[in-house]
Amino acid sequence: MNFYTLIAKYPRLAMAEPKKNTGIIRLFLLTIAFAGLSLFSYGQNANDTSQNLTLEQCIDYALHHQPVLQRSLVYVSIARTNNAINLAGWLPQVSASGNLIHNLQQSNSSSTTNTSTQSSAGSSSTGSGGRFVNTFISGVTASQTLFNPTLVYALKSAPLYVKQAQQVTDSTKINIVSSVSKSFYNLLQTLQQINVLKEDTARLGKNVQDTYHQYVGGIVDETDYEEATITLNNSKAQLKQATENISPQYATLKQSMGYPSEKQFNVSFDTLQMMKSIAIDTAQQLQYEKRIEFQAIRTQKDIQDQAINYYRFSFLPTVSAFFNYNLAFENNNYNNLLSNSYPSSLIGLSFNIPIFTGFARLNNLKKAKLEQQVNNWNEINLKSNIYTEYKTALANYKGNLYNMELLQKNETMAKRVYFVVTLQYKQGIVPYLNVITAESNLITSEINYTNALFQVLSSKIDLQKAMGNITY
């Protein structure tokens, strides 16, 4: 089992200059279909102690640290808290009150002055014949809702609101898996391109040295040496550009993961496992129910059904039981105010029936039904969008897979052609232009195959997402 490590941190990626004999240190060899390798590991520093993260580890990290996901989890907690608030009306409601009264002027008539404590459930009063200047009345009121249409609606819709918040979280997780996977593959694609270009730079560096010595020895024309140098410079320019792309692509992957920007890590993957995971059953039928967006709109329709039922039965009365207990203290002297008490208590039922509300109930019911029609049309439109997305992803996957298989064959043939043409040139059979052409074809075929490979992997993610098969 062979292992190769690539320096992936942008500031430390160095472009090796061609040297005599030994030339450039070859960091990575791209083989046909990656069949000869079992594990690649790309790092931001070959000698640092940063951890190596596979795609699965990157996804797992993102599912625990991505800010957008953490925010959606907070929304689930908010939904549960809102339900607790809305359902609090089913619990007994208890309150205490008190009134401290000092009579500034009293009537000399025999009428009675009444002081009462009130609550929403009922009221009780304590009478004073006007004989005392100071009065203190305290009371405790308890009520229990027996039936309330609003509370019934809150009870039935509570689990639906939690389900809706959880579906938003699930949708966020799916998007994170897709985003991290595609960012991971884009980074690996660039790193593979760097490997190809470094291999190409090594070959071209040796060709420059060989043609230079042949030119000095009078074997070839000066133009052969210049053409070799031009080709080498072009390869070095491509290598530099690919190297510069590493830093922003690492930043994109870190952002998708929620990884701290100041920390570094290496990316690695099992090549054989990656090649095996390319295949997917394209004969599967599209099932709309698997898409989280479709599940979410069904939940929204269920919530709207509860709203329709609420407005339909909101004419029903609200019924509650209540209990009041009052304790009155009266005295002309503040110091002896609490010496004598006069308790009173009562229990009862209260109800409220809406008789006429200005047609608000009927209009709210009509509005709720219209909003449900909007949900129905949204569902139809969503199905159309899902179908289009699925067909597009399926076509891209099949096309990219076929393209990858052809480019793999091209790469194999380009390597063989380059080997043969190089031997022919050394034997003086063909001009150096043939070597340049063969070298250019080899570079192009290697880069195209690398791009095609990761395009297949990315298009597979799109297809899985379109079919609702992404797991997390």
Do F265 and L253 have side chains that get closer than 4.5 Å, going by heavy atoms?
-> yes

Can you tell me if Q287 uses its side chain to pair, donor with acceptor, with the backbone of E289 under 3.5 Å?
-> no

May I ask you to decide if Q105's main-chain N or O and N103's side chain share a donor-acceptor pair within less than 3.5 Å?
-> no

With sequence neighbours left out, write down each residue that passes ring pair (Phe, Tyr, Trp, His ring centres under 6.0 Å) with F351, or none if nothing qualifies.
-> none

Side-chain heavy atoms of I297 within contact of E293, under 4.5 Å = no

Any donor-acceptor pair under 3.5 Å linking the side chain of R291 with the backbone of A466?
-> yes

Residues, nucleotides or ligands: over 12 heavy atoms within 6.0 Å of Q255 CD | no

Taking atom CD of E262 as the centre, report whether more than 12 heavy atoms of other residues, nucleotides or ligands fall under 6.0 Å from it.
-> yes

Determine yes or no for a side-chain-to-main-chain donor-acceptor pair under 3.5 angstrom, with Q241 supplying the side chain and Q238 the backbone.
-> no

Does K301 offer a backbone N or O that forms a donor-acceptor pair with the side chain of Q372 under 3.5 Å?
-> yes

Find out whether L407 and S445 are in side-chain contact, i.e. whether some heavy atom of one side chain is under 4.5 Å from a heavy atom of the other.
-> no

Do T141 and N324 meet the criterion of a side-chain donor-acceptor pair at a distance under 3.5 Å?
-> yes

Is T150 close to N86 at the side-chain level, that is, under 4.5 Å between some pair of heavy atoms?
-> no

Are the side chain of N400 and the backbone N or O of N396 linked by a donor-acceptor pair below 3.5 Å?
-> yes

With distance as the sole test, does S171 use its side chain to make a donor-acceptor pair with the main-chain N or O of V168 at under 3.5 Å?
-> no

Is there a donor-acceptor pair under 3.5 Å between the side chain of T190 and the backbone N or O of N186?
-> yes

Using a strict 4.0 Å threshold on nitrogen-to-oxygen distance, state whether E244 and K240 make a salt bridge.
-> yes

When rounded to the nearest 0.5 Å, the distance separating CD of E405 from OH of Y449 is 9.5 Å

Looking at Q193, Q192, E199, which one forms a side-chain hydrogen bond (donor to acceptor under 3.5 Å, both in side chains) with N195?
-> Q192

Between the CG atom in L453 and the CG atom in L401, the distance rounded to the nearest 0.5 Å is 10.5 Å

Between S179 and S256, is a side chain to side chain donor-acceptor pair (under 3.5 Å) present by the stated rule, with each step listed?
-> CA-CA 6 Å; S179 176; S256 300; 3.1 Å; yes

Residue from N451, T450, N245 passing side-chain hydrogen bond (donor to acceptor under 3.5 Å, both in side chains) with Q189 | N451

Aromatic ring pairing Y387/Y390, orientation class (parallel under 30°, perpendicular over 60°, tilted between) | tilted

Considering residues, nucleotides and ligands other than Y402, do more than 12 of their heavy atoms fall under 6.0 Å from its OH?
-> no

Quick one: sort the F136 and F329 rings into parallel, tilted or perpendicular, breaks at 30° and 60°.
-> parallel

Taking the side chain as C-beta and beyond, is there a heavy-atom pair between T172 and I176 under 4.5 Å?
-> yes

Test log, rule salt bridge (Lys or Arg N to Asp or Glu O under 4.0 Å), inputs R298 and E379 | CA-CA 8 Å; R298 283 291 176 88; E379 181 179 348; 3.0 Å; yes

Between F356 and F359, what is the ring plane arrangement, given parallel below 30°, perpendicular above 60°, and tilted in between?
-> perpendicular

I470 side chain reached by S178 side chain, heavy atoms, under 4.5 Å | yes

For A165 against Y75, the heavy-atom pair lying closest together = CB-O, 4.1 Å

When the ring planes of H102 and Y334 are compared, do they come out parallel, tilted or perpendicular, using 30° and 60° as the limits?
-> parallel

Do N309 and Y153 touch side chain to side chain, with heavy atoms closer than 4.5 Å?
-> no

K460 charged N/C atom sitting above Y397 aromatic ring, 6.0 Å / 45° | no

I would like to know whether M404 and I278 meet side chain to side chain contact (heavy atoms under 4.5 Å, CB included); could you show each step before the answer?
-> CA-CA 11 Å; M404 184 196 73; I278 287 179; 4.1 Å; yes

Would you mind reporting whether W377 and L382 have side-chain heavy atoms less than 4.5 Å apart?
-> no

So, the side chain of Q144 versus the backbone of A142: is there a donor-acceptor pair under 3.5 Å, distance only?
-> no

If only atom types and distance count, is the side chain of N331 paired as donor or acceptor with the main-chain N or O of N336 below 3.5 Å?
-> yes

